[in-house]
Asks: 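This is the structure I want to talk about, given as structure tokens.
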Amino acid sequence: MAQAGLVAKSGDYKTIVYVICSVAALGGLLFGLDQGFIANSLGTIQQHYHLGVHDGERYSSILATGGIAGALLSGIFARFLGRKRSLLFAGFIFTAASAFSALLPSLPVLSACRFALGFGVGVASFIVPLFLSETAPASIRGSMGTLFQLMITIGIFLISLTNVFIARTFVNPATSLPLMFLTITLFAALMFVGGFMLPESPRWLMLKGRRTDAVAVLRRTLSTEQEIDQEIEEIEQALHGPQGAGVGIVMRGYFIKVLAVGVLLQVFQQLVGINMMIYYSPTIFGYAGMKGLLAAMTVPTVNMLFTFPAIRLVEKWGRKKLLYIGAITMLVTMIAAGAAFQAIGSISDPSMIGSTPKAVLLASAILYIFGFAVSWGPVVWLVCSEIFPLEGREIGMTITTMVNWTFAGLVMANALSFMQAHGNASIFYVFAGFCVLAVAFVALFVPETKGITLEQMEFNLKNGVPLRELGDHVSGH
Ligand code: BGC
């Protein structure tokens with residue numbers, strides 16, 4: 001443990017802060033690596049394991065089932081094991097499950113590994129933001145929150161790129177598939193090993209009555225004695241305030257209202273179709289006769305690049321404006337993509353497909369992903385972390401995270417077969433329909449949470465202010 005004498009000047013962060021941020025960033029990266037894995041590996045997996053469309057969908061979507069289980073149990077892990085051990089646990093699962101997959105076991109075992117990877121993602125997606133918010137110095141907490149979504153998109157990008165590269169270099173799936181899984185193992189092992197260097201969260205230590213240990217950790221992360229005293233005082237105040245209210249809170253009227261907002265935001269985040277585009281864009285472009293790097297890399301690249309401006313715009317323009325812009329952009333582009341597919345009809349020879357539908361399809365995919373990345377991607381997670389009253393934040397975020405995975409799984413498990421059954425254009429019109437509903441929902445029920453303190457919003461909520469005005473009333477209390 002660092003001694004008081006090691007306390008550095010305020011302003012320059014200690015090495016441990018960089019370790020914390022890097023390990024936490026790896027948690028986000030692994031989320032993305034697993035989420036983005038399928039796009040450019042599905043063909044190889046189907047080839048090696050002789051899978052049809054349905055089996056491929058089933059294998060892809062089992063990640064979401066694991067994610068639901070992981071999210072469900074992560075609150076319990078966080079409380080009883082502590083934040084650090086939960087992160088180590090997630091790192092271990094990522095490492096073991098991806099390394100085991102690289103051995104190319106039988107399909108049921110490979111699927112069990114993907115479930116385990118999903119479980120790790122579910123745990124990490126709850127613990128990482130929690131750990132960051134409790135451990136990173138206050139001055140960088142805000143940007144650390146958005147770092148998580150950014151790392152997800154970087155992970156999706158990275159794995160798409162490495163998988164394309166591997167698939168092209170090694171044509172034999174028995175060689176390429178293990179290498180694809182080992183890419184995940186590499187980052188997973190880094191997270192696992194790095195996890196041992198993490199300090200435990202001071203808040204969790206205080207929660208367990210271990211004040212001396214908590215102070216020792218703060219000595220390692222903060223710079224001055226004054227900052228340490230202040231932090232300890234804040235934690236104590238929070239611990240004496242309303243505590244996690246247990247499952248009983250879901251019966252309280254005011255909680256049910258914000259829970260409904262969080263849940264529906266997550267439902268729409270998935271039903272606008274993002275993961276169909278993330279998972280299956282190379283397949284979809286393939287239907288339209290487009291192959292190669294353009295088909296493989298367009299979606300992950302645009303998704304990553306446009307998450308950067310979102311981080312600023314969310315504070316400048318507010319959450320709702322971005323949600324509108326995103327949903328309307330996705331609505332228009334999904335209709336355009338549907339029309340392009342209708343024009344292509346049943347032509348199966350790529351050279352017979354006209355350049356106009358191809359160009360429309362490509363442009364609409366790019367704009368669609370822009371629409372999501374700049375809005376619904378980061379904003380939904382952000383709003384879900386802002387709307388719940390303190391005593392119900394853990395349970396609220398657990399439920400909304402589970403809903404996210406449930407609907408992600410639903411889309412992954414059905415999108416391709418829906419296209420096969422009802423024609424390629426059909427699914428785009430379905431997603432467009434959900435964009436319309438999403439716009440109406442934002443207008444009627446979603447509060448603007450920009451620039452209002454969480455405490456004020458909680459006060460408004462408990463005093464019966466209508467949902468969509470929760471962020472507008474600033475009153476003394
Ligand atoms: C969503 C994921 C999606 C990712 C894409 C996240 O906000 O929850 O389902 O794959 O964004 O960037």
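Residues take their numbers from the sequence shown, with the count starting at 1. Every number for a ligand or one of its atoms is a count from 1 in the order of the listing.
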Asks: Ring-plane angle category for Phe89 and Phe77, please: parallel below 30°, perpendicular beyond 60°, tilted otherwise.
Replies: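 Answer is perpendicular, since the angle exceeds 60°.
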Asks: Any chance you could measure Met290, atom CE, to Ile284, atom CD1, to the nearest 0.5 Å?
Replies: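 Atom-to-atom, Met290:CE and Ile284:CD1 are 10.5 Å apart.
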Asks: Could a heavy atom of Gly377 be found less than 4.0 Å from some atom of ligand 1?
Replies: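 Yes; Gly377 lies near enough to ligand 1 that a heavy-atom distance drops under 4.0 Å.
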Asks: Return the closest protein heavy atom for atom 11 (O) of ligand 1 as residue, atom name and distance.
Replies: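 The closest heavy atom on the protein side is Gln149 NE2, 3.3 Å.
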Asks: Is the centre of the Phe428 ring less than 6.0 Å from the centre of the Phe341 ring?
Replies: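 Judged by ring-centre distance (under 6.0 Å), Phe428 and Phe341 do meet the cut-off.
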Asks: Could you tell me whether Ile156 approaches ligand 1 through its side chain, its backbone, both or neither, with non-hydrogen atoms closer than 4.0 Å?
Replies: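 The part of Ile156 near ligand 1 is the side chain, not the backbone.
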Asks: How does Trp376 reach ligand 1, if at all, at less than 4.0 Å between non-hydrogen atoms: by side chain, backbone, both, or neither?
Replies: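 It is neither; nothing of Trp376 touches ligand 1.
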Asks: Quick check on the 6.0 Å ring-centre criterion: do Phe388 and Phe255 meet it?
Replies: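 They qualify: ring centres under 6.0 Å apart.
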Asks: For atom 2 (C) of ligand 1, what is the nearest protein heavy atom, given as residue, atom name and distance?
Replies: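 Looking only at protein heavy atoms, the one closest to atom 2 (C) of ligand 1 is Gln35 NE2, 3.5 Å.
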Asks: Under 6.0 Å between ring centres, would you say that holds for Phe37 and Phe181?
Replies: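 Under 6.0 Å, so yes.
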Asks: Closer than 4.0 Å to some heavy atom of Thr153 - which atoms of ligand 1 meet that?
Replies: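 Heavy-atom distances to Thr153 below 4.0 Å select 12 (O).
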Asks: Hey, what's the ring geometry for Phe268 with Phe441, parallel, tilted or perpendicular (30° and 60° as the breaks)?
Replies: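 Answer is tilted, since the angle falls between 30° and 60°.
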Asks: Please state which protein non-hydrogen atom is closest to atom 8 (O) of ligand 1 and give its distance, to 0.1 Å?
Replies: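 Ranked first by proximity to atom 8 (O) of ligand 1 is Gln269 OE1, 2.9 Å.
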Asks: CZ of Arg114 to OG of Ser60: how many Å apart, nearest 0.5 Å?
Replies: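 The CZ atom of Arg114 sits 6.0 Å away from the OG atom of Ser60.
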Asks: Are the charged groups of Glu386 and Arg319 less than 4.0 angstrom apart, N to O?
Replies: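 The answer is yes: the pair qualifies as a salt bridge.
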Asks: Considering non-hydrogen atoms of the protein only, which is the closest contact for atom 3 (C) of ligand 1, and what is the distance?
Replies: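 Residue, atom and distance for the closest contact: Asn275 OD1, 3.6 Å.
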Asks: Which atoms of ligand 1 have any heavy atom of Trp381 under 4.0 Å away?
Replies: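 Listed by number with element, the hits are 6 (C), 7 (O), 8 (O).
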Asks: Nearest protein heavy atom to atom 12 (O) of ligand 1, by residue and atom, and its distance?
Replies: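 The closest one turns out to be Asn303 ND2, 2.9 Å.
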Asks: Quick one: does Gln270 get within less than 4.0 Å of ligand 1, heavy atoms only?
Replies: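 Yes; Gln270 lies near enough to ligand 1 that a heavy-atom distance drops under 4.0 Å.
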Asks: Only heavy atoms of Asn404, strictly under 4.0 Å: list the atoms of ligand 1 that pass.
Replies: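 Listed by number with element, the hits are 8 (O).
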